[in-house]
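Remarks on the structure that follows.
When reading the values below, keep in mind they use all heavy atoms of this one structure, side chains included, and skip hydrogens, waters and symmetry mates. First the proteins, then the strands, lettered A, B, ... as listed; each starts at 1.
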Number of protein chains: 2
Amino acid sequence: MTTSQIRSDADLAIALRIAVGRLARRIRAERAAKGLPELSDTQFAALAALVRHTAMTPGELAENEKVQPPSMTRAIAVLEERGLLTRAPHPRDKRQVALTATAAGRSLVEQVRRLREAWLARRLRELSAQERSVLRAAAPVLDKLSQS
Amino acid sequence: MTTSQIRSDADLAIALRIAVGRLARRIRAERAAKGLPELSDTQFAALAALVRHTAMTPGELAENEKVQPPSMTRAIAVLEERGLLTRAPHPRDKRQVALTATAAGRSLVEQVRRLREAWLARRLRELSAQERSVLRAAAPVLDKLSQS
DNA sequence: TATTGTTATACTCTATAACTATA
DNA sequence: TATAGTTATAGAGTATAACAATA
């Protein structure tokens, strides 16, 4: 089927699955391209979470990224070696550790995001004004879908 | 920023990046959920390519999925062990191998797709008719974006 | 006793290099 | 000589199980 023949919700689901999957892969591919430090998905996701929520613990990060605690331990070790995060004692619980992104860590997350967004913004400029306005209307709906 | 305040193309790029990335992860997560045979991304992508284009060679599959030939050799070996594809001599070139998905392979690819689309179709039914029509208009534009 | 985090160990996936068979 | 595919081997990432420190 082609996307110009979307009738039922089932057809819409198929068209969205294909387009969203391919677009997400294309956006993700922009990370590796530009000589930035290579981080795995888990490492990057953990660092991005720390940029957003400061002083998270390894357990919270593991839960957040749906990996097992030992996997997060390893990811954190790599990020610490590269100076992208620091550890501090947890204020109340001596078993836990409070992690914080360094300035270098925050900067790296921003650079990667800018790369991805720049690629997408270039593609958007190649669309017609009408196509862009369709996407502008769709963005909040896609966001809602993604949160369900 | 929230998606209700999308003004510039840069803002639109940010909103789309976030929503598309999250939605793609959510759709992909439906594969593992339901007791189907576990296949890696490369294995599944190779099998899906064989469902679409019959009698591909290992080299074509490797090129198609952007992996090195030895990685595809391994993926093919797993798919063959599980009875999801079969090998045949290449008609002209004895160095090459012609691969074909078995009935079981085709069936598995369809089941995984149905799972993902069913999840998405359920989410779509929770939207208003107007939201669905916005997505219906956006699907071809997203498709075009993803192909650039 | 339960929980947080780490270490030990094994499995999977991918890559590069070397090899075999065919063109 | 060059090409298609495979085998050998190593590196990165994740998981389960076992352990130490703390609650």
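Distance, A:Asp93 CG to C:dA2 P: 17 Å, rounded to whole Å. Rounded to whole Å, the distance from CD on B:Glu63 to P on D:dT3 is 14 Å. Distance, B:Met72 CE to C:dA15 C1': 14 Å, rounded to whole Å. Rounded to whole Å, atom C1' of C:dA21 lies 20 Å from atom CZ of B:Arg92. We find that CD of A:Gln68 is positioned 14 Å from C1' of C:dT4, with the value rounded to whole Å. A:Arg87 places its CZ atom 12 Å from the C1' atom of C:dT4, with the value rounded to the nearest Å. Atom-to-atom, NE2 of A:His90 to P of C:dT6 comes out at 13 Å; the value is rounded to the nearest Å. As rounded to whole Å, 20 Å separates atom P of D:dG11 from atom CG of A:Leu39.
Nearest heavy-atom pair, B:Leu85 versus B:Leu99, reported as atom, atom and distance to 0.1 Å: CD1-CD2, 4.1 Å. Among all heavy-atom pairs drawn from B:Ala75 and B:Thr42, the shortest one is CB-CG2, 4.1 Å.
Side chain of A:Pro69, nearest nucleotide from C:dT16, D:dT3, C:dT6: C:dT6. Comparing D:dG13, D:dT16, D:dT6 against the side chain of A:Pro70 picks out D:dT16 as the nearest. Comparing D:dT16, D:dA8, D:dT22 against the side chain of A:Arg95 picks out D:dT22 as the nearest. Closest to the side chain of B:Arg74, from the set C:dC13, D:dT22, C:dT16, is C:dC13.
Side-chain N/O atoms of A:Thr42 include one lying less than 4.0 angstrom from OP1 or OP2 on D:dT14. Within the structure, a side-chain polar atom (N or O) of B:Ser71 is placed less than 4.0 Å from OP1 or OP2 of C:dA15. Side-chain nitrogen and oxygen atoms of B:Thr73 include at least one within less than 4.0 Å of the OP1 or OP2 phosphate oxygen of D:dT6. Between C:dT4 and A:Thr57, no contact under 4.0 Å exists linking OP1 or OP2 to a side-chain N or O.
The residue among B:Ile76 and A:Val78 whose nearest nucleotide of DNA chain D is located toward the 5' end is B:Ile76.
Residues satisfying the salt bridge (Lys or Arg N to Asp or Glu O under 4.0 Å) test with B:Arg114, not counting sequence neighbours, are B:Glu110.
Within 4.0 Å (heavy atoms only), A:Pro58 reaches sugar-phosphate atoms of the nucleic acid but no base atom. Using a 4.0 Å heavy-atom cutoff across all strands shown, A:Gln43 reaches sugar-phosphate atoms only and no base atom. Heavy atoms of A:Gln96 sit under 4.0 angstrom from primed sugar atoms or phosphate atoms, though from no base atom.
Remark: B:Arg116 is positioned above the aromatic ring of B:Phe44, its terminal NZ or CZ atom under 6.0 angstrom from the ring centre and at most 45 degrees off the axis.
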- [ ] Run the numbers on A:Ile27 and B:Leu16 for side-chain contact (heavy atoms from CB on, under 4.5 Å), then give the verdict.
- [x] CA-CA 10 Å; A:Ile27 291 171; B:Leu16 281 178; over 6 Å; no
